[in-house]
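So you know, we letter chains A, B, ... as the sequences are listed, proteins then strands, and number each from 1.
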Amino acid sequence: MKTRQTALAITLAGVLAGVTSLALADTFVVAVPQEPQDLAAQGIYKEINAPGLRNVIEPLIMMDADSGDYVPVLAQDWEVIDDTSLRLHLREGVVFHDGTPMDAEAVATSIEFVWDQENAFTIQEYAGPGRISAEVEDDLTVVVHSSEPDPMLDFRMSLTGITSQDQIENNPSAHFTQPLGTGPYAFEDWDQGSSWSAVRNDDWWGRAADDVYGQNIPDYDRVRFEFRTESSSRMAMIMAGEADIVVSPQSSDCERAERLDGFSCVTGPSSQYIYGRLDYSLFADERLEDPRIRAAIFHALSYEGLADILGLASVPQGQLGTPDMTGFNDALEQYASDPQRSMELVQQAQADGVNLNGLRVEVMGRDDTPRIGELVEAIGAMIEAVGIPTRQNVQTPAVANPRFRISEYKAEAPRAMMQVHVKENPAPDFGLNLHSNYACPDLDDPSGVSRSSVFCDEEFDERLHEALTLIGEERHEAMQELNAFLHERYVIIPLALLDRAYLVRDGLDLTFGPDGRFLLANVTQSD
Amino acid sequence: MPYLVRRAGHSAIMLLVVVSFVFFAGRMIGDPAIVMLGASASDTALEQLRNNLGLNDPLLMQYFRYVGGLVQGDLGVSFRYGFAQMPAERFMDGGGTPVMGLVLARLPQTLYLAAVALGGALALALVMGCLAAMYPRSWIDHLVNVLSLASVSVVQFWLGLVLIVLFAVHLGWLPTGGYGSWYHVILPALALGARPLGRVAQVTRSAMLDEMARPYVAAARAKGLPEHRIVSVHALKNAGIPVVTITGDELVQLVTGAILVETVFGWPGIGHLLVEALNNRDLPVLQGAILAVATLVIVVNLLVDITYTYLNPKVSLSSREN
Amino acid sequence: MNAMTEARTRVTGDRVDVSAAPIMSVEGLSVGFDTPHGPVQAVDNVSWSIRKGETLGIIGESGSGKSVGLETIMGLITSPPARISGQVLLDGQDILSMPQRQRRQLRGDRMAMIFQDALAALNPSLTIGTQISEVYRIRRGASRQAALDKAVELMDQVKIPSARSRLKAYPHEFSGGMCQRVMIAMALAMDPEILIADEPTTALDVTVQRQIMDLLQEVRRERGMSLILVTHDLGVVAECADRAVVMYSGRMAETATMRDLFRTPSHPYTRALLQAMPRVDARLERLQAIPGTPPTLSHIPSGCAFRPRCTFAQPRCAEEKPELRMLAAEHSAACHFAEAIREETSHD
Ligand SMILES: Nc1ncnc2c1ncn2[C@@H]1O[C@H](COP(=O)(O)OP(=O)(O)OP(=O)(O)O)[C@@H](O)[C@H]1O
Ligand code: SF4
Ligand SMILES: [Mg+2]
């Protein structure tokens with residue numbers, strides 16, 4: 001009898017659940033791996049900060065998913081005045097979700113608020129060399145300045161979320177939890193710990209504009225982002241028909257999607273890459289400066305094998321980026337996987353008097369990297385196989401671990417570490433990449449992004465400095481040459497390029513580019 | 001001193017120990033500024049943040065400030081949620097999302113889940129245990145044994161996923177997770193309640209078997225009481241002490257188990273908050289969540305003690321002096 | 001022996017209608033168990049009866065099957081696990097063949113039982129008030145308050161002082177004698193016709209024993225109840241009982257009116273008991289004066305179970321099991337030589 005009652009209750013629950021999901025049928029549900037820390041405008045610079053927030057808050061310009069070029073959003077037009085300023089012409093008649101006008105004054109307020117160094121927003125990790133300020137030229141014209149020459153002001157504007165001036169000035173705490181942007185969806189509710197949602201903005205400017213971004217005008221009544229930390233839980237959501245799209249599935253989930261009905265896995269390149277940073281000039285074991293030993297290590301690895309371990313990944317083209325990026329060198333190829341050659345190189349070096357006694361290359365992983373254990377083990381084994389001893393180690397970065405702080409490297413000198421780490425190219429441009437990974441850090445003033453480099457080469461630093469001030473084709477060529485320069489010196493091993501993946505319900509198509517923003521405007525019905 | 005007062009005093013001291021541990025362990029993990037901004041942040045940014053967060057003051061002063069804040073219900077300010085990064089005076093109300101608010105917002109959901117899980121598990125376990133004890137070595141007894149053994153040994157995380165696949169994906173009866181209506185709680189409560197269900201059923205069974213052999217049961221039968229009353233009032237109340245003890249133990253497990261179960265089901269409770277704080281390296285929230293969990297555990301232990309004295313009239317609240 | 005007979009007469013008087021039909025009669029009751037050492041016969045072919053208002057004493061050494069027999073009658077021992085045969089007739093109906101539900105209705109209402117260790121027989125975690133009143137409340141459908149009033153009335157009857165204020169007390173707050181009074185009150189709640197008292201005073205000290213026995217006699221007399229009194233105390237039986245059953249090793253050795261039992265004990269075991277009794281209030285525990293020990297149930301000697309300890313034993317006793325035989329009206333014994341012994345003792 002008890003059992004029958006229980007069964008009844010469960011059936012009843014099922015019926016009710018069915019009713020509810022019917023009622024919300026026009027809600028587009030996205031399963032995301034993490035709850036946003038806040039919904040502040042600054043957060044749109046990285047999708048993982050607040051997945052989906054770009055549907056509510058728009059930038060002035062954005063990168064097109066297909067072409068990789070900047071396209072108009074709130075700014076209809078823009079021109080580079082000089083290497084410290086950029087003029088933007090705003091779209092007319094756009095209002096924020098609170099009804100206040102999106103004009104030059106509002107935009108200037110947002111830009112200065114987001115980039116204000118005293119606010120210490122995390123967007124500072126993409127700050128340029130100078131302080132950013134904004135000036136109102138007329139009602140619909142804003143000029144953005146950098147205190148130092150900054151050829152990537154347009155990139156920084158594509159990261160900057162524009163929100164209601166009234167809110168920033170009069171109700172700043174709401175700015176962090178109830179965003180007021182201009183996007184096709186207006187923030188509705190944030191159910192702490194569960195989900196956040198937005199409703200369709202029928203007054204969205206994109207409905208009337210002929211230069212609107214995206215594949216179509218999104219028409220769902222509501223979009224809800226459900227937080228599920230566990231990838232299996234997200235997978236279950238789409239299997240049960242509760243979610244339309246799942247963000248960040250595991251590679252095994254993608255394999256299962258092949259065999260299951262109802263949804264599929266869509267993959268494409270991402271801006272994330274995994275590198276092996278082998279100690280070079282800074283406090284390094286001198287044997288690691290021997291070009292033959294370095295080459296032997298680079299050629300010892302099976303890059304196909306590593307991509308297989310990672311699952312959703314591909315082999316890089318001998319550099320730390322993708323073909324869409326300014327500075328990408330098409331002529332380069334990935335280091336050949338050739339253990340035979342590696343062994344010969346080691347023998348040559350030994351014959352030349354390089355004594356490998358006591359050398360042990362520490363393959364060190366950071367535990368925020370996917371599949372890091374297997375990766376580190378495989379790399380270690382491959383290097384050992386060509387006659388160079390290794391040891392393997394996985395550690396937690398950042399939590400005050402001195403082993404990841406460049407200022408502490410000295411204590412370990414001479415060091416023979418190969419740090420395996422996942423990184424992201426913030427922009428379709430090699431500038432930041434080359435600067436942060438290869439520019440010699442100034443140890444007396446160890447500030448700035450260059451601190452994760454262990455490579456010191458005066459010629460490179462000079463040429464990079466020069467290249468960073470260039471724009472257009474000149475910049476592209478200069479950086480291509482730098483990539484070739486680095487390639488032949490065996491500085492950093494490009495281990496893999498990570499793919500981005502989504503699980504998408506059948507009947508939907510999702511277009512996405514390397515910037516990885518999830519936009520409902522890029523979801524189309526396919527039948 | 002009345003027993004209850006002394007017992008509460010012990011709990012308070014225990015709480016202070018936990019608070020101190022949480023504070024100093026948090027500082028031992030490393031410089032919170034680096035924890036927040038990452039190893040590659042510029043020193044200027046780090047210094048700015050340390051100033052904003054008051055991390056440049058002497059450690060003892062920070063400790064007293066922390067404890068002082070706690071006394072006033074202030075658990076500090078999140079590193080991640082809201083705008084802790086900014087100096088407080090720049091924006092009037094607050095200067096970050098108070099951790100207390102975050103914890104208090106999540107606590108009811110955890111209590112709700114735990115209550116449903118434990119309530120359901122207890123009710124079912126008592127029935128199962130009593131039935132098994134009433135018909136020892138019968139098929140009911142064997143069934144109860146198998147069920148309770150299985151639910152004790154199952155891994156909660158795995159069970160959660162199995163329940164999702166079975167009831168949400170294949171049968172489509174219940175949602176895969178989330179929070180909202182009453183039916184959202186069913187699967188997480190099942191996953192969380194399985195262990196206490198098994199343990200309590202086992203203990204109930206053996207305690208009831210012991211009690212049913214006691215002379216007062218024969219006496220109760222002799223005076224013509226119906227069997228159900230003998231089982232559910234006479235024997236059960238005496239079997240209550242071991243059952244309450246094990247329930248207390250299981251409650252502690254339940255609070256910690258909630259961390260995993262909430263994560264699997266996307267349940268917006270304290271456990272989920274804790275896991276996220278860990279992922280985000282959000283020290284104040286992590287500390288707050290740990291404190292909340294520890295407080296729960298301490299309060300639960302106190303309640304278990306009080307329940308004891310209720311069940312066992314020989315131990316009255318005022319007389320248990322030693 | 002004269003003193004004893006006089007004492008009995010003084011207490012019981014001549015209230016029992018000897019010609020009346022018995023209210024309960026046990027016929028050929030046997031109870032066996034399966035133990036790890038093999039089957040045992042705890043009660044073997046026992047028959048007796050009791051009339052309204054009568055007190056029946058049951059005497060016997062430890063392990064002789066007194067409690068098992070009575071608990072079987074109460075329905076506290078059931079088959080399975082026990083193997084039960086024979087009949088227990090109440091109003092001419094065999095209660096052993098009744099369904100469980102019906103038997104439960106008899107308990108409390110028609111017959112009730114009190115136990116040796118009253119403290120253990122009371123639930124340690126329920127109040128006295130609850131324990132006395134609950135059966136009345138549940139079975140009679142009385143309100144909580146009415147049931148508590150009834151409890152107070154019963155407690156007054158069993159002479160528990162300041163009854164109302166002790167309703168909320170727990171058993172551990174009471175002395176042994178008080179606990180036994182509570183037990184009695186509990187048993188009387190439904191106004192039973194037969195009260196079975198299984199060694200109600202063994203655990204108490206001497207002065208309290210007497211009070212409890214007096215109380216039992218008093219309530220029996222007031223209610224016209226029948227009392228089955230199990231005891232080790234021959235003095236108590238002599239004082240209170242109208243008739244007695246002497247048990248040995250699960251079987252009846254002898255049954256008679258008290259007068260006959262003391263004047264003409266016809267079974268060697270009964271004789272030994274009486275001879276070994278130094279004083280009126282002697283207890284059977286001290287009767288290890290009877291040489292030897294009672295047999296364990298799994299190793300009962302062939303023929304007469306008492307043979308190893310019997311001074312009258314003959315070779316025949318080893319071969320033939322003596323059946324219970326009637327010697328006179330209301331007097332039977334199970335010994336091959338019962339008549340001879342009876343003759344002998346009556347000439348003493
Ligand atoms: N459930 C049982 N299983 C097996 N044997 C039993 C069981 N209950 C009682 N016995 C046995 O039956 C015999 C009679 O026991 P009973 O309790 O009736 O003795 P008693 O005459 O009441 O003794 P005492 O004076 O010590 O109370 C004992 O030997 C006992 O071991
Ligand atoms: S039958 Fe024999 S052994 Fe048994 S009591 Fe009589 S004389 Fe003794
Ligand atoms: Mg007994």
(message) Counting C-beta onward and ignoring hydrogens, is there a side-chain heavy-atom pair between C:Leu122 and B:Tyr216 closer than 4.5 Å?
(response) no
(message) Using the ring pair (Phe, Tyr, Trp, His ring centres under 6.0 Å) criterion, which residues pair with B:Phe157? Sequence neighbours excluded.
(response) none
(request) Quick one: which of C:Ala187, C:Gly75, C:Ala121 has the most heavy-atom pairs under 4.5 Å with chain B, could you say? (result) C:Ala121
(request) Run the salt-bridge test on C:Arg104 and B:Glu227 with the 4.0 Å N-O cut-off and return the result as yes or no. (result) no
(message) So which atom in B:Asn238 and which in C:Pro124 form the shortest heavy-atom distance, rounded to 0.1 Å?
(response) OD1-CG, 3.3 Å
(request) Please identify each residue that fulfils side chain to side chain contact (heavy atoms under 4.5 Å, CB included) with C:Arg83, with sequence neighbours left out. (result) C:Asp34, C:Pro39, C:Gln41
(request) Find the distance between CE (C:Met186) and CG (B:Leu225) and round it off to the nearest 0.5 Å. (result) 8.0 Å
(request) With a 4.5 Å cut-off on heavy-atom pairs, point out which of B:Pro215, B:Ala235, B:Ala222, B:Ala219 contacts chain C the most. (result) B:Ala222
(request) Ignoring hydrogens and angles, tell me if any N or O in the side chain of B:Lys223 forms a donor-acceptor pair with the backbone of C:Gly108 under 3.5 Å. (result) no
(message) Give the interface residues of residues 140-155 of chain C toward chain B, defined by a heavy-atom separation under 4.5 Å.
(response) none
(message) Please check: side-chain N/O of C:Arg107 versus main-chain N/O of B:Arg221, any donor-acceptor pairing under 3.5 Å?
(response) yes
(request) Please round to the nearest 0.5 Å and tell me the distance separating atom CD1 of C:Ile138 and atom CZ of B:Arg229. (result) 4.0 Å
(request) Enter the distance from C:Asn123:CG to B:Arg214:CZ here, rounded to the nearest 0.5 Å. (result) 8.5 Å
(message) Heavy-atom cut-off 4.5 Å, strictly under: side chain, backbone, both or neither for C:Thr127 against chain B?
(response) neither
(request) Against chain B, work out which of C:Met74, C:Glu134, C:Glu71 has the most heavy-atom pairs shorter than 4.5 Å and name it. (result) C:Glu134
(message) Looking at B:Gly224, is its backbone amide N or carbonyl O close enough to the side chain of C:Arg139 to form a donor-acceptor pair, meaning the two atoms are under 3.5 Å apart?
(response) yes
(message) Report, in residue-number order, which members of residues 110-118 of chain C are under 4.5 Å from chain B by heavy-atom distance.
(response) C:Met111, C:Ala112, C:Met113, C:Phe115
